[in-house]
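So the structure is just underneath, and the comments pick up after that.
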2 protein chains.
Amino acid sequence: MSEDTEQPSRGPQLSEQVAQRLSDAIQAGEWGRGARLPTEAALGERFGISRSVVREAISMLRNGGLVTSRRGSGSFVAESPTVSLRLAIPDPGLQSVVEVLELRRPLEVEAARLAAERHTPSQLRRIRNAMVDIDEAVEAGLSGVDQDLAFHRAIAEAANNAHFTAVLDFYNRFLHHAIRVTRTNESLREAFMQQVVAEHQAILDAIAGGDADAAACAAATHLAHAEARLRQAPTDLLERVEAQRGSTSTSSTEPTGGNPR
Amino acid sequence: MSEDTEQPSRGPQLSEQVAQRLSDAIQAGEWGRGARLPTEAALGERFGISRSVVREAISMLRNGGLVTSRRGSGSFVAESPTVSLRLAIPDPGLQSVVEVLELRRPLEVEAARLAAERHTPSQLRRIRNAMVDIDEAVEAGLSGVDQDLAFHRAIAEAANNAHFTAVLDFYNRFLHHAIRVTRTNESLREAFMQQVVAEHQAILDAIAGGDADAAACAAATHLAHAEARLRQAPTDLLERVEAQRGSTSTSSTEPTGGNPR
DNA sequence: TTTAACATCTTGTCTGACAAATTTAGCGCA
DNA sequence: TGCGCTAAATTTGTCAGACAAGATGTTAAA
C-alpha cells in the first residue's frame, strides 16, 4: 500500500489543483528560471494523474505566463515569469468610476512627486507634447480623452518606476470606457476645458521646476476637481450607460464631448 | 471537394488559432454574455479539429476570463469579462523591492485614511486580531511576515474599495518573496520588532479613532521606516539573493528572522 | 400539482496511439 | 582526437475512443 505519488485531494477541479501545486513549486524555486521541468508523463506519475490533466495544468501556467513549451523539447519555466492581476470589468457606473479614481488619486499624486524629482529632459518634453496634443484634439472637436490619458501617462513614465505605469495603464483601460460615456455633455465642455488646461499647466510647471511637493499638490487638486466634475453629470451618465449596454460595436473616435479630466 | 469545416490555416499553434477565432467570435457578439456556446464536440466539428484542441482553446479563454465552464452543463461566455494586468517578476533585489514599496506607500497611506473613515466594527476587529497574530507568530519564533502582510491587508479591506486589496494583494506576492530573504538577519530582529509593533499600534489607534489624517500620517511613517529598515542590510540581502538563485528546494516555513515591516 | 426516478447530454478525466519537432547518440571520416 | 552527418530516442502536439461526474429535461407515480 505504498504511495509514491503526491495524492491529490479530490476537489472541484483536479487540473486546477495540479496547476496550483506546480505554480507553488515553481515560485518556491524547485525549478529555476529557464529550467526545464519534468516531462508531462513524469509529472503525471508524480501527481498520480493522466497526461491530459498535466497538459491542462501546464496550459494554465502557460497562459499565465509562468512557463513556455516547445514541441519536441519540453516545458520550461519562463525566463521572465509573470504574475497577473485579473479584474472583472464592472458595470460602468458612477460608483465604480469613483472607486477607480480613489485608487488613482494617491498613485498619480505620488507619480507627480517622483516625476518632479527624477524626470529626464526627454520625459519632460513628452509631457509638454502631450499637453499640446490635448489642445489640438479639443480644437479639432475631439473629446481629447485619449490625449488626456496620455498626458497623465507621460507623468507616470517620468516617475521612472515601471509599476506606476503598469497599474495606471491597467486602470486606464476601463476608465477610458467609463469616461467616454460622459463626453457628449456639450454644455459643460467650455468651462471644463479651461479649468483642465490650467490645472495641467500647474502640474507641468511644478514638475519642470523640480518642486516635488508643489507637483503632488497640483496633481491632488487636479484629481479632486476631476472627480467633482465627474459627479456633476451623474444622471446623464447613468442613463447613457444603460443605453450603451449590449451595443456590440462602439466606434471609438467620435468627436465632441466634455472631458471631466 | 466540399468542406463544411472552417479550415484552420496551419501555423505554429493550432489550439492558439482556434482560441483566437473563438475569442473573436465572442467579442463579435456571436454569443452574448452568459450565453452557452456550442459543445466541445460541435466546436470540434465546426473547426475540423479534435476535442483535445477545442478543450485547450477553451482552457485558454477560461484562463483569460472570457468563458467559464460547468461540468455537465457546458461552457458559457463570462457574465463579467475581465482584463488582466500581467507583470514580469523581476530579479529579487533591493532595487526592485524599493520600487514596489514606492508604489505601495501612497496606496497604503490612502487605504489607512479611508479605513479610518469607513471601517466597520468587524473590520476593525480583524485588524486587531491581525496584530495579535503577529505577536504570537513572533513569540513562536516565526518571522511573522505572513501575519504582517495580513495586518496590512486587513487595513486595505477596511478601506472598502476592492481595488486597493486587489493591487496590494498583487504586489504582496513579490514582497513576500523578497522579504523572506531578509528574515535571517537575527541581529536586528529585537530592535525591529519593537519599532514595528509601536508603529502598527499607532496606525490602529488612528483608524479606530476615525482620525483619517492621523491614520495616513502613521501609515506613512511606518512605511518610511520600513524602507529604512530594509535598506539597513542591503549587502546581506543581495548576497543571499545571489546565493538563492538556482537553489532547487527552499523550505517555505522556516523560523526566525528580522522582519523589516 | 408535486415529487421522485430515469434517460440524456456535457464537461472532466483516463488510456492509447501517432505526428512533428527537438535532442541525443552513434558512426564514419579526416 | 575532433568534427560533421545520420539515425534513434525523447518530448510536446494532436487525434480517437471510452468512461466518470454532474446537470438537465422528461416521465411516471403519489
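Just so you know, these numbers use all the heavy atoms, side chains as well, and skip hydrogens, waters and symmetry mates. Predicted model only: the values in this text are computed from it and were never measured. Letters A, B, ... mirror the listed sequences (proteins, then strands); counts begin at 1.
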Decide salt bridge (charged side-chain N to carboxylate O under 4.0 Å, His left out) for A:R46 and A:E30; before the verdict, give the C-alpha distance in whole Å, the side-chain angles of both, and the deciding distance to 0.1 Å. CA-CA 14 Å; A:R46 164 168 169 180; A:E30 179 159 347; 3.1 Å; yes
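Nucleic acid contact class of A:S52 (heavy atoms, under 4.0 Å, all strands): base. Note on A:S69: only backbone sugar-phosphate atoms sit closer than 4.0 angstrom, heavy atoms only; bases stay farther off.
Distances were taken from every side-chain heavy atom of B:V53 (C-beta onward) to each of D:dG13, D:dC15, C:dT11; the shortest belongs to D:dC15.
Computed from coordinates, the A:I58 CD1 to D:dT12 C1' distance equals 9 Å when rounded to whole Å. Atom CD of B:E56 and atom C1' of D:dC15 are 13 Å apart (whole Å). Counting to the nearest Å, the P atom of C:dG12 and the CD atom of A:Q17 are 14 Å from each other. Atom CD of A:E40 and atom C1' of C:dA17 are 15 Å apart (whole Å). Between the P atom of D:dG13 and the CE atom of B:M60 lies a distance of 9 Å, rounded to the nearest Å. A:R55 has its CZ atom 8 Å from the C1' atom of D:dT14, to the nearest Å. Summarising the geometry, the separation between CZ on B:F76 and P on C:dT11 is reported as 8 Å, rounded to the nearest angstrom.
Under the side chain to side chain donor-acceptor pair (under 3.5 Å) criterion, B:R125 pairs with no residue, sequence neighbours left out. For A:E99, the side chain to side chain contact (heavy atoms under 4.5 Å, CB included) test picks out A:Q95, B:N161, B:H163, with sequence neighbours left out. A:E16 is linked by a side chain to side chain donor-acceptor pair (under 3.5 Å) to nothing, counting only residues two or more places apart in sequence or in another chain. Scanning for side chain to side chain contact (heavy atoms under 4.5 Å, CB included) contacts around A:S15 gives A:V53, A:E56, A:M60, with sequence neighbours left out.
The side chain of B:S15 contributes an N or O atom lying less than 4.0 Å from OP1 or OP2 of D:dT14.
For the salt bridge (charged side-chain N to carboxylate O under 4.0 Å, His left out) condition, the pairs that include at least one residue of residues 153-167 of chain B, sequence neighbours left out, are B:R126-B:E157, B:R153-B:E157, B:R153-B:D169.
Between A:R118 and B:E102 there is a salt bridge, with a side-chain nitrogen of the basic residue lying less than 4.0 Å from a carboxylate oxygen of the acidic one.
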Dump every N/O contact between nucleotides 17-24 of chain D and the protein below 3.5 Å, one line per pair.
unit_1 : atom_1 : unit_2 : atom_2 : d
D:dA18 : N6     : B:R51  : NH1    : 3.3
D:dG22 : N2     : B:G72  : O      : 3.1

